[in-house]
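Written out below as C-alpha cells is the structure these notes cover.
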Amino acid sequence: MLIDFNLKEKIKGLKKKGSPSLHSGQPQYFDIGVAFWLINPDEEEYTPEYLSQKYLYKEFGGKKDLQLLCQIAEKKLKEYKLEKLFYEVEMPLLPVLAEMEKIGIKLDPKFLKSLDKKLGSRIEELVKIIYKGSGGPFNINSPKQLGEILFQKLQVGLKGVKKTKGGKISTDVETLMTIRDRHPVVRHILEYRELFKLQSTYVKPLQALADKNSRVHTTYIQTGTTTGRLSSQNPNLQNIPAEGEWAKEIRKAFIAEKGYQLASFDYSQIELRVLASLSGDPKMIEAFNKNLDIHKMTAANVFNVPLEKVTSEMRRTAKTLNFGVVYGMGAMAFAKTSGLDFAKAKNFIEEYFSDFKRIKEWQEKVKSQARISGYVVNLNGRRRWLLELTSMFRQQAAEAERAAINMPVQGLAADIIKIAMVKVAAEIKKRKWLNADTSPVPQSGIRGSDKVRMLLTIHDELLFEIKDDIIKEAESVIVKIMESAYELEVPVKVDVKIGKNWGF
DNA sequence: TATGAGGGCGCC
DNA sequence: AAACGGCGCCCTCATA
C-alpha cells in the first residue's frame, strides 16, 4: 500500500509498467491528507508540516512523522466509520482524478483569440461611452472610484442603494440594476462589468494556460471543501460561464478532438432528490416517482392550484423556493431573490413547510442532533464539525445551522457522483476504452486508441470526450452506471447532451 | 515588488 | 439593516 501525502500527484508521475488494479476493498492508497480531511474538513491545511505540528505536538514537538500521522488517521477513520468512504470512494478516486487532470480538455485557440478580439473592441467602445457619459476618465474597475463618479459627480439618487460590509456605497450588479434608469451611463457600466469579467477571468487565462496541444489541465482539490465536493483550480473549470450570449461563446471554445464528441451527463435535480430521500417527504418522493416537473409540482402546492393552473411565474417562484430550502434560506433572502415583498415571502416559506412537513422535521432533527454532538454527518459518515451552533452570537449560530442542514444534502450528492466516477472509470478500463494508463501520450496529444475519456466533473455533471463510433454505446453505459451508482428512495435521473463543443 | 483584504462575480 | 449552502479568481488599493 502506498502511504503518503499528495498521492494524486505521485500517481500522475508514475511511468509505470502495470496499471494499478483497483480491487474493491483492497486499499492500494492511503493519502494522509485526504484522510485527515475526512476526519475534519475544516483544517487550515492538509500538509504534512501543518498536520504534524497540530497532531504530533505532544509526542514529537511537531516533528514530521508520516507513519504516526497515518496511525492516528486510521484510528479516527475507524472511530468515525469513515473507512468505507475512504477506501472505496476517496482513494479509488485518486487515479481517476489524476487521469482526468493529465488528459485535460481541448480548446479552440483561434476561436478564443477571435472572441478575445471581439470582447476587447466592445470593451473599448464601452469605455469611451462611459467616460463621455460621466464627464471624464476614471478606473471603472475600481468600486471606490465608480461609486464616487455615480453618486457624487453624477448625483445619482441613493434610494434603495445598499452599503458594503465595509460601510461604503455598493456598486454591485444588484445596486446598478436598481439605479439603471437614473442615469444612461449605468447600463453601459453593467455591460462593461460583464464583458470585462469574461475576458479577464476566462478568455485570457484559458489561452495562457493551454498546452502545446491546446489542452488545459485543471487541478482537482480533494480536500478543498467542507461538504465533500471537489474543487477545481488553475484554471477553475467548475465555474465556466453558462448563462448569456457571451457565456455560450466561451463554452464553444471547449471542443472535442477530431473524431470525438463532447458528452455531458448531468444529474437531474440531484440535491432535491437527495433531500426528498433523506427527509422521506411523501409528496416530494411521489413527485419524483411520477417523474413530475418538481418545480411545477411545488408551485401547485404552495399556490394551492391544480397542476394545470401553474403559470410560468408561479413555477419560477417555486423553483427559487426549492433551491432556497436546501440552503436554509430565510424570508429576507427569498423576498430578494424572488422579487416578492417580505410578508409574501414569509408566507410562501411557511406554506412550503406545511406542504412538505417532513422536510422541516428533517431539518430540525439534523440541527438538534448537531447541536448536541457538535458535528453533522451525512449518510456515509462524512462529517463536519459545527461548534458554532451553540454560539451566543446569533448570526454565527444561524450560519452554522444553515451549514448543518445543507451539508448532509450537498455531501451525499457529492458522494453519489464520486462513486459514479469510480464505477465509470472501472468500466472504461474493463472495456479497454482507455489506454491512458499504459500508453504514452504521443506528440500529437491524441491517443488514437482512447475511446472514452472522462474530462471534467462539475458537482452534478460529468463531461466526457467520446469517439464517434462508440458514442451511443458509451452513452447508455455511462447513464446506466450513473443512475444506479447509489440507491435513493427516489429514482436518480441523468440528462445527456452531446456535441462537437461545450456550447450544446 | 510582494501580500492580503475588500469588493465583486463566475459556477453548481 | 439584515444575504442563502459550497467553491476560485479577477482587480484595486493599502501596506510592507
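Since this is a predicted model, take the numbers as computed values, not measurements.
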Distance in angstrom units between [X] [atom1] and [N] [atom2], rounded:
X: A:I240; N: B:dC9; atom1: CD1; atom2: C1'; result: 14 Å
X: A:K144; N: B:dG6; atom1: NZ; atom2: C1'; result: 13 Å
X: A:K168; N: B:dG8; atom1: NZ; atom2: P; result: 10 Å
X: A:I250; N: C:dC10; atom1: CD1; atom2: P; result: 13 Å
X: A:I140; N: B:dC9; atom1: CD1; atom2: P; result: 14 Å
X: A:Y202; N: C:dC9; atom1: OH; atom2: C1'; result: 8 Å

Would you mind classifying the nucleic acid contact of [X] as base, sugar-phosphate or nothing, using non-hydrogen atoms under 4.0 angstrom?
X: A:E194; value: nothing
X: A:Q145; value: sugar-phosphate
X: A:F323; value: nothing
X: A:S170; value: sugar-phosphate
X: A:V409; value: nothing

Output the single nucleotide from [options] whose closest atom is nearest the side chain of [X].
X: A:R402; options: B:dC9, B:dG7, C:dC4; value: C:dC4
X: A:Y327; options: C:dC7, B:dG8, C:dC4; value: C:dC4
X: A:Q233; options: B:dC12, B:dG8, C:dG8; value: C:dG8
X: A:A403; options: C:dT12, C:dG5, B:dC12; value: C:dG5
X: A:K162; options: C:dA3, C:dC10, B:dG10; value: C:dA3
X: A:N141; options: B:dC12, C:dC11, C:dC4; value: C:dC11
X: A:T225; options: C:dA3, C:dC13, C:dG6; value: C:dG6
X: A:R229; options: B:dC12, C:dC13, C:dC4; value: B:dC12
X: A:I458; options: B:dC9, B:dC12, C:dC9; value: B:dC12
X: A:T164; options: C:dG6, C:dC13, B:dG7; value: B:dG7

Quiz item: Parallel, tilted or perpendicular: which fits the ring planes of A:F196 and A:Y192, with parallel below 30° and perpendicular above 60°?
Solution: parallel

Practice problem: Identify, between A:F342 and A:E271, the residue whose nearest nucleotide on DNA chain C lies closer to the 5' end. | Solution: A:F342

Quiz item: 5'-most contact on DNA chain C: A:R384 or A:K163, nearest heavy atom basis?
Solution: A:K163

Under 3.5 Å, is there an N or O donor on one side and an acceptor on the other linking the side chain of [X] and the base of [N]?
X: A:K197; N: C:dC10; answer: no
X: A:R193; N: B:dC9; answer: no
X: A:N236; N: C:dG8; answer: no

Exercise. Would you mind telling me which of A:K497, A:E461, A:E475 makes a side chain to side chain contact (heavy atoms under 4.5 Å, CB included) with A:F265?
Key: A:E475

Quiz item: Taking the six-membered ring of A:Y80, is the NZ or CZ of A:R383 close enough (under 6.0 Å from the centre) and on axis enough (within 45°)?
Solution: yes

Exercise. Would you please say whether a donor-acceptor pair under 3.5 Å links the side chains of A:D415 and A:N378?
Key: yes

Exercise. Considering only atom P, compute the distance from B:dG7 to C:dA2 and round it to an integer number of Å.
Key: 12 Å

